Asks: 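Here's a structure for you.
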There are 2 protein chains.
Amino acid sequence: MRSSAKRAPRPSPSASWDNPLDQLLGYQLRRASFAMLSDLSAGIGKLDLRITEMSVLMVIHANPDISQSDIGRVLGIQRANMVPLITQLERRTLVSRGETRGRAQSLRLTPEGEALVRRCREAIAEHEARYTKLFSPKERQDLLRCLPRIWQDDMLPEESDL
Amino acid sequence: MRSSAKRAPRPSPSASWDNPLDQLLGYQLRRASFAMLSDLSAGIGKLDLRITEMSVLMVIHANPDISQSDIGRVLGIQRANMVPLITQLERRTLVSRGETRGRAQSLRLTPEGEALVRRCREAIAEHEARYTKLFSPKERQDLLRCLPRIWQDDMLPEESDL
DNA sequence: TATTGTTATACTCTATAACTATA
DNA sequence: TATAGTTATAGAGTATAACAATA
């Protein structure tokens with residue numbers, strides 16, 4: 001089930017092909033993102049969690065009584081896709097639904113959920129450490145400073161929207 | 001069909017939640033990668049191409065007579081997943097199969113494929129320009145210098161493999 | 001009327017296993 | 001035996017449309 005951590009058969013040392021995408025920022029982001037996702041997925045998978053599930057737990061932990069829709073807004077997940085996520089986490093008694101404000105339900109972690117979040121944090125720390133050591137402190141800081149510009153403040157569209 | 005370019009309803013300015021993932025390199029990469037993928041997808045979609053299809057065309061263009069498996073190795077796509085990709089591109093007469101060396105078939109772009117690659121390049125250039133302007137020349141260069149470390153030379157696994 | 005939770009559905013990308021063909 | 005192409009299938013993530021309930 002779990003996609004085991006990248007274990008490429010050591011890219012064939014013989015022929016070397018030209019990759020015309022190498023100088024594209026988007027391509028580099030995609031490959032880098034995929035590599036880190038795979039690595040984290042392996043670590044988190046030992047807790048029988050997927051990355052999105054883990055992310056949801058972390059957000060609820062940091063924001064008790066947040067609603068399902070708001071979690072989606074924080075993480076960039078659509079309302080409709082939050083439903084099976086929360087259902088599953090509730091089924092595992094990691095999350096519980098509390099009072100309802102309007103139609104919204106406030107979500108909290110169960111003690112079991114809190115415990116799992118702590119284990120997630122350890123796994124994440126190990127994971128991040130593996131990659132952080134690839135960079136100087138300044139390089140890492142620059143990455144964390146630059147990357148949010150790409151997706152936050154959502155890129156004023158060129159075309160005016162009348 | 002096409003996932004229209006990110007046009008978020010302007011993240012609700014009212015409540016602001018804590019996102020505990022914000023300081024994680026992996027999270028920033030995922031969000032940034034997704035944003036650029038969506039934007040490029042919109043541009044490339046006008047040519048009725050998906051990003052993976054476009055990537056394959058670009059690699060064949062840069063490496064005439066490359067085989068299907070080798071394209072996969074360059075782009076990080078598995079052999080099995082290359083099959084429907086090439087089949088579809090051949091059906092649209094963008095790619096043609098040439099001589100076979102062993103079991104491998106050498107792939108080339110048709111004139112139609114070459115023409116489409118030129119249009120792809122324009123779309124990509126516009127797309128990259130939209131994001132390049134978010135960074136100073138040095139910042140962009142640093143990004144392109146740092147990111148490959150994450151996925152190339154594939155991260156010596158911690159556990160020795162006997 | 002706007003927002004939330006919900007259902008259903010579909011598409012893309014990725015992963016695995018197993019088969020065939022060829023050097 | 002190793003590699004290439006192939007088939008089939010499954011699992012995640014994401015997207016859209018539509019509906020009910022609630023303020």
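Just so it is clear: chains get the letters A, B, ... in the order the sequence lines come, proteins before strands, and each one is counted from 1. Here the structure is a predicted model, which means the values were calculated and not measured.
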Asks: What does T52(A) touch in the nucleic acid at a heavy-atom separation under 4.0 angstrom: a base, only the sugar-phosphate, or nothing?
Replies: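 Touches sugar-phosphate only.
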Asks: Round to the nearest Å and state the distance from Q88(A) atom CD to dA12(D) atom P.
Replies: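 Computing the Q88(A):CD to dA12(D):P distance gives 10 Å.
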Asks: What is the distance, rounded to the nearest whole Å, between atom CZ of R50(A) and atom P of dG11(D)?
Replies: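 My rounded result for the distance is 11 Å.
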Asks: Report the residues that fulfil side chain to side chain donor-acceptor pair (under 3.5 Å) with Q105(A), sequence neighbours left out, ordered by chain and then residue number.
Replies: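 With sequence neighbours excluded, Q105(A) shows a side chain to side chain donor-acceptor pair (under 3.5 Å) to R97(A), given in chain and number order.
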Asks: Starting from P on dT12(C), measure out to CG on L75(B) and report it in whole angstrom.
Replies: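 Roughly 18 Å, once rounded to whole Å.
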Asks: Between side-chain atoms of residues 79-89 of chain A and protein atoms elsewhere (two or more places apart, or another chain), which donor-acceptor pairs fall under 3.5 Å?
Replies:
unit_1, atom_1, unit_2, atom_2, d
T87(A), OG1, V83(A), O, 2.7

Asks: Using atom CE of M82(A) as one end and atom P of dT14(D) as the other, report the distance to the nearest whole Å.
Replies: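 Taking CE of M82(A) and P of dT14(D), I get 11 Å after rounding.
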Asks: Strictly by salt bridge (charged side-chain N to carboxylate O under 4.0 Å, His left out), give each pair with a member in residues 109-123 of chain A just once, sequence neighbours left out.
Replies: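 Applying salt bridge (charged side-chain N to carboxylate O under 4.0 Å, His left out) to every pair that reaches into residues 109-123 of chain A, excluding sequence neighbours, yields nothing.
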Asks: Rounded to whole angstrom units, what separation is found between the CD1 atom of I66(A) and the C1' atom of dG5(C)?
Replies: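 Roughly 15 Å, once rounded to whole Å.
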Asks: Between Y131(B) and D39(B), is the side-chain contact (heavy atoms from CB on, under 4.5 Å) condition met? List the steps.
Replies: CA-CA 10 Å; Y131(B) 290 91; D39(B) 183 79; 3.2 Å; yes
Asks: My understanding is that only residues two or more places apart in sequence, or in another chain, count here; which of them pass side chain to side chain contact (heavy atoms under 4.5 Å, CB included) with A62(A)?
Replies: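 Applying side chain to side chain contact (heavy atoms under 4.5 Å, CB included) to A62(A) gives D18(B), P20(B).
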Asks: dT14(C), OP1 or OP2 - any side-chain N/O from Q78(B) closer than 4.0 Å?
Replies: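 Looking at the OP1 and OP2 atoms of dT14(C), neither is under 4.0 Å from any side-chain N or O of Q78(B).
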Asks: Checking R103(A) now: which residues fulfil side chain to side chain contact (heavy atoms under 4.5 Å, CB included) with it, not counting sequence neighbours?
Replies: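 Result, side chain to side chain contact (heavy atoms under 4.5 Å, CB included) vs R103(A): none returned.
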Asks: Scan nucleotides 3-8 of chain D against the protein and return all N/O pairs shorter than 3.5 Å with their distances rounded to 0.1 Å.
Replies:
unit_1, atom_1, unit_2, atom_2, d
dA4(D), OP1, R73(B), NH2, 3.1
dA4(D), OP2, R73(B), NH2, 3.3
dA4(D), N3, R103(B), NH1, 3.0
dG5(D), OP1, Q105(B), N, 3.1
dG5(D), OP2, S69(B), N, 2.8
dG5(D), OP2, S69(B), OG, 2.6
dG5(D), N7, R79(B), NE, 3.0
dG5(D), O6, R79(B), NH2, 3.0
dG5(D), N3, R103(B), NH1, 3.2
dT6(D), OP1, R97(B), NH1, 3.4
dT6(D), OP2, Q68(B), OE1, 3.3
dT6(D), OP2, Q68(B), NE2, 3.1

Asks: Take the protein atom CD1 of I51(B) and the nucleotide atom C1' of dC11(C), then report the distance between them rounded to whole Å.
Replies: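 Distance check: I51(B) CD1 to dC11(C) C1' gives 14 Å.
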Asks: dT14(D) C1' sits how many Å from M36(B) CE, rounded?
Replies: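 Result: 19 Å.
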Asks: For the pair made of CZ in F34(A) and P in dT12(C), what is the distance, rounded to whole Å?
Replies: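 Answer to the nearest Å: 18 Å.
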